[in-house]
There are 2 protein chains.
Amino acid sequence: MAGRDPGSRNASVKDVAAAAGVSLGTVSNVLNRPDRVSPDTRERVLRAMAELGFVRNESARQLRAGSSRTLAYVMLDASNPFFIDIAQGIDTAAEAVGLSLVLCNSRSLAEREQSHLALLEQQRVQGILITPVDPDAASLDDVARRGTPVVLVDRTRADQKFCSVAVDDVLGGQRAVEHLIDRGHTRVAFVGGPTTLGPVRDRWRGAQDAWAAAGLPAEGLVEVTTTGLTVAEGREAGQRLAGMPAPRRPTAAFCANDLTALGLLQQATSSGLRVPEELALVGYDDIDFAGAAAVPLTSVRQPRQELGCTAAELVLDEATNPEHTHRQVLFTPELVARASTLG
Amino acid sequence: MAGRDPGSRNASVKDVAAAAGVSLGTVSNVLNRPDRVSPDTRERVLRAMAELGFVRNESARQLRAGSSRTLAYVMLDASNPFFIDIAQGIDTAAEAVGLSLVLCNSRSLAEREQSHLALLEQQRVQGILITPVDPDAASLDDVARRGTPVVLVDRTRADQKFCSVAVDDVLGGQRAVEHLIDRGHTRVAFVGGPTTLGPVRDRWRGAQDAWAAAGLPAEGLVEVTTTGLTVAEGREAGQRLAGMPAPRRPTAAFCANDLTALGLLQQATSSGLRVPEELALVGYDDIDFAGAAAVPLTSVRQPRQELGCTAAELVLDEATNPEHTHRQVLFTPELVARASTLG
DNA sequence: CGATCGGGTTGACACGTTTCACAACAGCGT
DNA sequence: ACGCTGTTGTGAAACGTGTCAACCCGATCG
C-alpha cells in the first residue's frame, strides 16, 4: 500500500539511453552540455527521462567529480537565533554560487561536534564553517590537514592557522558600557559566563576598558558570572540582582548575550523592578527577539548575515584558489539603543 | 600557504592496502567486519590508515550501497523556533538509529522548496520530512511516486496519500478560547492569517466551536486577519486593537502563533495597554520565548520534539518496512496558563 | 596419512556518472 | 574527386567502495 511506482524504481542513464536509443555519453551530454546535442535527439532523451522518472544519482556524480557541491555549517546551538541568522547568511552566499548547505548542531558538545566533523569529511564537503566548542581543539587541525578547508565563525584563534570571521567583542563591550556611562550609571553589572568562552572574555574586557577610560572606580563594575548564556541563566542572575539591597544594587546590567538579557528582563519585571527606571539593560547580538521584547532591548548588533556570508566566501576561496592565504576578518559591532536603557 | 599536507591528499583503500601490504578486500573488512580479520593485520591496516590520513569516501559507499545514511527535513521557516525544536526532535531520533540529518529551509517559498526536494532526491536520502508550503502540491506526489518516502510534519492532507504528524489544531483553538471564557472574557479577538494556512483555519474553527458551545453571541468573537504569522504582523494587529475605543475593544486576544502574540504583546505594552488587566493574551506553540517574555505568555503547547521524533519513525518505517501503511498521527495540545491571562 | 574444516585473505566485479579520444558524416571549397 | 572543418554521437575508462565466491594453509578428525 505504499503506493510507489513498482517498475520504474531508480532508472539510470543506461536505462534512459536504451529507451531513447542513444548511447550513455549522449544522455550525459544532454544533462551537462545540452548544446552539444541536436535538438531532436535531446528531445527524445528528455522524454525518455520523464517517462522513466529518472533522477540523477548525486553519489555517482560526486564520486566521479571527487568532491561534493555542498558547504557545511556546524553550529554551536541551534536554539539561539543568533546562529540561525548566521546560517541564513551562509545559505544565501552558498546559493549564489550553486552550492547547497548542510546544517549540523553540536549543542555545545565536543563529542557531537567531533562526529559531525567526521561525517562531513567523509562526505567530501567543499568546506566546513564552524563555531567550535573549543577553537583550539586539535581535531580542527586534523580536518584541515587532511585537506578540507575550515573557517572559524564568531571565534578566533591566537595562531592564525585558520580563516576566521568574527566581530570585535572588546569594542562591543566597550560601546555597551560607554552607553550606560553616558546614561549616568555608576553601578553596573556585567552578566555572563563561563569566562572560558572567548567572546564573553572579550566583552568583559571591553566593559572594563570603557569603565577605566571613564575614570570610574573599579568597584562600581561588578561581574555576575553565569555558567552559560541561556534564558534560564539570565533569570537566575536576575534573582541574584533583585535580591540585593537597593542602595548597593547596580542600576544597570550589561549581558553578554540577548538570551541572558531576556531572562534577566523577565525576572526583573516579575520581581517588580521597573526597566529601565530601576534597572537598565543592555544585551548583545541584537537577535530579532531583542527588539520584540515587551521592553525593547538595547543591544549590541553583530552583522549576523554578513558574518555568515563572508565566512562562506572565505571557505570557498580556500577551496578553489590555490594561492589562498588565511585571513582573519573582524567586523565592527554597533550599539542599538532602545527602551531598555532609554528612560 | 594553505598548510595542508601536500602528499597525502585523499588516500583511498587502495593506498592503504598497498601501505599495509594487504589486499583491498582486507582493508574493507577492517572497516566493516573487524572480527573477520586477525588482530595483527588489523593493527597494521589501522596504522597505515592513520599514517595516510585515510578518510572513507561516503559517495563511493553510497553509490555501492544504493542509498544514503541520511534523513532530511525541509522546514518552512528556520527563524521560527517552533520548527527548530521539531528539527531537534528529528535529530535525536535519527541519531538513535545512526542516521544523520540534513536541514533545509524553504523560507515559505515554493520555488526553494522545489529545488531542495530535487537535490534531496538526487542525494538518495532515506526519507524526507517536510512542512510544505502547500501540502497539496503535486511535486510532493512526484517525489513519493519515484520512491522516496515523504512524511508531512505539522500539516495534513485530505487524501491520505502520505504519513503525517500533526497536532489537533481545532482542539487547541478550543482550549485557548475556553480558557479565556473561563476567565470571564466576552469580547475576544482571534489574530492570525492567512486563512489559506491549514493550522490557522483549524485554530479559528476551534475558537468558534468553543465560543458557540458556551452560548456566547457570535459578534463577541472577532477575527483580526494578518498576512502572516510573524512578530511584525503581531505588532501591526496590536496597533489595530489599541486603536479601538475601549468599550468596543476586545479584552483578550488569541493569537494563532507565539511570534504574533509576542509582537502583539510588545505593541500593547508600548501603547500603554496593561497585560493581562486590559488585554489578556494567548499564544500558540509555546516556544521557549513565550515563557521567557516579560509577561510570560499563556500558550497552547504542541509536543514539538515528539512531533519530530514520531515523524522520523514514520519515515523510517516507510523506508524499511515493506508492508508499511500510511498513518496520520494526531497529537493532543495542552494549554499552559501563565501571567498573560492570569490577573 | 588423506579428507575435511574453517579462519584469513584475495581479486574481480558492480554501483552510476562524467570525460575524452575518436568515429561517422555532412557540407564546403579547391 | 579530395581534403578540410565542424557537428553529433559513440564507447571505454575511471572514480572508491562493498561483496562474494574462491583460495590458501594449517589444524583436526577418522
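Chain letters run A, B, ... following the sequence lines, proteins first, then strands; residues in each count from 1. FYI, side chains are in, hydrogens and waters are out, and symmetry mates aren't considered; it's all heavy atoms of this structure.
- End-to-end axis angle of the helix from C:dC1-D:dG30 to C:dT30-D:dA1, using five pairs per end and rounding to 10°, comes to 60°.
- Contact annotation: A:Asn32 side-chain N/O to C:dT18 OP1/OP2 distance is under 4.0 Å.
- The side chain of B:Thr26 lies closest to C:dT10, out of D:dG16, C:dT10, C:dT17.
- Partners of A:Glu306 by salt bridge (charged side-chain N to carboxylate O under 4.0 Å, His left out), not counting sequence neighbours: none found.
- Proximity note for B:Ser23 (side chain, C-beta onward) versus C:dG11, D:dG18, C:dT17: the nearest is C:dG11.
- Comparing atom distances between the A:Leu63 side chain and each of D:dC15, C:dT9, C:dT17 picks out D:dC15 as nearest.
- Among the nucleotides C:dG16, D:dT17, C:dT10, the one closest to the side chain of B:Arg61 is D:dT17.
- For B:Arg64, counting side-chain heavy atoms from C-beta on, the closest listed nucleotide (D:dT8, C:dC15, C:dG16) is C:dC15.
- In summary, the side chains of B:Gln328 and B:Thr156 do not present any donor paired with an acceptor at a separation below 3.5 Å, with no hydrogens or angles considered.
- Using a 4.0 Å heavy-atom criterion, one finds that B:Ser38 contacts the sugar-phosphate atoms exclusively.
- If you check D:dT17, D:dG18, D:dC15 against the side chain of B:Phe54, the one that comes closest is D:dT17.
- Counting non-hydrogen atoms under 4.0 angstrom, B:Val37 reaches the backbone sugars and phosphates but no base.
- Within the model, atoms CG of A:Asn10 and CG of A:Asn57 stand 7.5 Å from one another, a figure rounded to the nearest 0.5 Å.
- Look at A:Arg124 and you won't find any side-chain N or O under 4.0 angstrom from OP1 or OP2 of D:dG16.
- Remark: A:Arg33 is not in phosphate contact with D:dT8, judged by side-chain N or O atoms under 4.0 Å from OP1 or OP2.
- B:Thr41 has no side-chain polar atom (N or O) that falls below the 4.0 Å cut-off from OP1 or OP2 of C:dG8.
- Closest to the side chain of B:Ser12, out of D:dT10, C:dT18, D:dT17, is D:dT17.
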